[in-house]
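Only one structure is covered here, and it is reproduced in the block below.
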Amino acid sequence: MAEQRRISFSEIQSVFKSVKNSLNGRTFIHLKNKLGGEYDSVKLTTLHQNLSNIINAHIFFDDKLIFIFEKEDEIKTKLDAYFDGQNFGSYQPYKKQKLDELCDFYHFFVCREINVKVQLSLNDLKEVDGNYQEIYAIEKIPLNCHDFIMIDNKWIVVGIDLADVLGANELNIAENNFFNFLNKEIDIRLDKRVDFFPKIRAFYDLPQNSDNGVTEISFITTAGTAHHEVLKGNATDLRQAPYHDGGVKAVRGQKYNGQLLNNDITPYKINTRFYRVDNRDMDIAIKSSYRALHTANASHVYGAFIYGSRSLSDLNFAINRLTA
């Protein structure tokens, strides 16, 4: 499951080694094979518990596309009725929990599929007509996903699971399906959405210090030229990279008849990394598009991606950043 959810191999490997240094390997398969030679039941129990903690934290909080809505009191009543009932719909109740006095979590389970392009050999096919150099197929891989609704004293937060694992089209379908399920099967309609588009600029304008850094950005210049840049090497903030800083200064320094034009870039997609004291960094990404900038709804983005969240505290950190 750790591999399916794309939990980093180094994180899983460190859990194995923390239990016993010889439980080491280069791949997930190697780690699994190591277990066959381990007979210390105490160590195996400890390993199982530690891995379960990581995987459950990832299931509940990490790799999510989240939407934030203003709180409506009747939503909790409808969710409680669904979770306490017996006639379940297309999404199975997975777990209902009260994480603190003012926070209720409702986790749903659903199995989705992703399409993966795989290369075949001629031996994989019984009959092939013609001469082929390469043959490809689309393999459908099932994914166990855990979407959620969180209700606190101010917000209702909806999370779509495995946002990074699912492709863009698959994620869009997952989003639509979950909101349709809430509407049709639980009679929940969420309308008062928080718009994240202004946060794209706000995240870009955050103080350039050790607390945060931009790792990826798409923007247009006043001339209409689109740029996409990704952080390189061991750098921590793309805004401080010479290739970005120099380009932005050139745009802002443009003049006409000796007068500054007050030109600037317009970011429409950004990934910001928040560097944490516990060395577990968190990424928040907000994604509009070049095409959207030229439509009537250009200034609206309602979903944000979060990566690296492993607790309610982490999730609240992201919510506060997106709603401040």
Side-chain angles (χ1 to χ4, degrees), residues 8 63-68 163-164 167-168 171 193-309 314-324:
S8 73
D63 192 7
K64 300 289 192 286
L65 171 63
I66 66 169
F67 305 83
I68 302 177
D164 187 50
L171 182 59
R193 300 179 290 182
V194 175
D195 185 3
F196 300 139
F197 187 85
K199 288 299 176 183
I200 298 176
R201 184 79 221 189
F203 280 9
Y204 181 79
D205 290 337
L206 285 172
Q208 298 185 24
N209 55 37
S210 59
D211 294 336
N212 70 90
V214 173
T215 63
E216 185 173 0
I217 190 171
S218 295
F219 62 90
I220 60 172
T221 65
T222 48
T225 306
H227 295 261
H228 176 74
E229 298 175 354
V230 179
L231 191 66
K232 300 175 182 178
N234 296 322
T236 58
D237 192 346
L238 185 151
R239 295 172 297 177
Q240 299 175 10
Y243 58 90
H244 179 81
D245 182 56
V248 172
K249 286 179 178 177
V251 171
R252 292 173 176 171
Q254 290 173 343
K255 296 180 180 180
Y256 181 76
N257 288 336
Q259 298 295 319
L260 282 173
L261 295 175
N262 296 318
N263 288 342
D264 204 349
I265 66 170
T266 301
Y268 58 85
K269 184 186 299 182
I270 195 167
N271 192 107
T272 301
R273 181 164 297 156
F274 295 92
Y275 299 104
R276 318 288 292 280
V277 293
D278 57 4
N279 293 321
R280 277 201 312 102
D281 304 331
M282 181 186 298
D283 285 33
I284 302 177
I286 308 172
K287 303 177 182 181
S288 183
S289 67
Y290 180 83
R291 179 180 298 178
L293 288 179
H294 297 86
T295 66
N297 293 322
S299 59
H300 301 291
V301 178
Y302 297 108
F305 298 80
I306 58 171
Y307 312 109
S309 174
D314 290 345
L315 181 58
N316 281 333
F317 174 87
I319 293 170
N320 290 336
R321 284 289 184 174
L322 290 166
T323 59

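Since the structure is predicted, the reported quantities are computational estimates derived from the model, not experimental observations.
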Parallel, tilted or perpendicular, as decided by the 30° and 60° cut-offs, for the rings of Y204 and H244: perpendicular
Heavy-atom pair of closest approach, residues A226 and Y268: CB-OH, 4.1 Å
Derivation and outcome, side-chain contact (heavy atoms from CB on, under 4.5 Å), residues S288 and F197: CA-CA 8 Å; S288 183; F197 187 85; 4.1 Å; yes
Test side-chain contact (heavy atoms from CB on, under 4.5 Å) applied to D237 and V214, step by step: CA-CA 5 Å; D237 192 346; V214 173; 3.9 Å; yes
Minimum heavy-atom distance I265-V251, with the two atoms named: N-CG1, 4.3 Å
Taking every non-hydrogen atom, the tightest pair across N271 and A285: OD1-CB, 3.4 Å
Distance in Å, M282 CE paired with R273 CZ, rounded so as to fall on 0.5 Å steps: 12.0 Å
Side-chain touch T222/L261, heavy atoms, less than 4.5 angstrom: no
Pairwise side-chain contact, N212 with F203, heavy-atom cut-off 4.5 Å (strictly under): no
side-chain contact (heavy atoms from CB on, under 4.5 Å) evaluation trace for F305 with K287: CA-CA 8 Å; F305 298 80; K287 303 177 182 181; 3.6 Å; yes
From CG (L260) to NZ (K255), nearest 0.5 Å: 5.5 Å
Within the 6.0 Å centroid threshold, strictly below: H227 and F219: yes
Verdict with reasoning, I66 to I306, per side-chain contact (heavy atoms from CB on, under 4.5 Å): CA-CA 7 Å; I66 66 169; I306 58 171; 4.0 Å; yes
Spatial distance of atom OG1 (T215) from atom CZ (R239) [nearest 0.5 Å]: 10.5 Å
Any donor-acceptor N/O pair, T225 side chain to T221 backbone, under 3.5 Å: no
Minimum side-chain heavy-atom gap K64-L315 below 4.5 Å: no
Side chain N263, main chain R252, donor-acceptor under 3.5 Å: no
Heavy-atom donor-acceptor pair, K269 side chain to Y290 backbone, under 3.5 Å: no
Flag side-chain contact, heavy atom, 4.5 Å: D195 against Y302: yes
Beyond-backbone contact of T272 with D283, side-chain heavy atoms, under 4.5 angstrom: no
Salt bridge (Lys or Arg N to Asp or Glu O under 4.0 Å) partners for D245, two or more places apart: K249
P267 side chain reached by R201 side chain, heavy atoms, under 4.5 Å: yes
Heavy-atom side-chain contact between I284 and K199 under 4.5 Å: no
Non-hydrogen atoms of I200 and I270 that approach each other most closely: O-CD1, 3.8 Å
Polar side-chain atom of D63 near backbone of D164 as donor-acceptor pair, under 3.5 Å: yes
From L322 atom CG to F317 atom CZ, the distance as rounded to the nearest 0.5 Å: 10.0 Å
Whether N257 side chain and Q259 backbone form a donor-acceptor pair below 3.5 Å: no
Shortest non-hydrogen separation from L231 to Y243 and the atoms involved: CA-OH, 4.0 Å
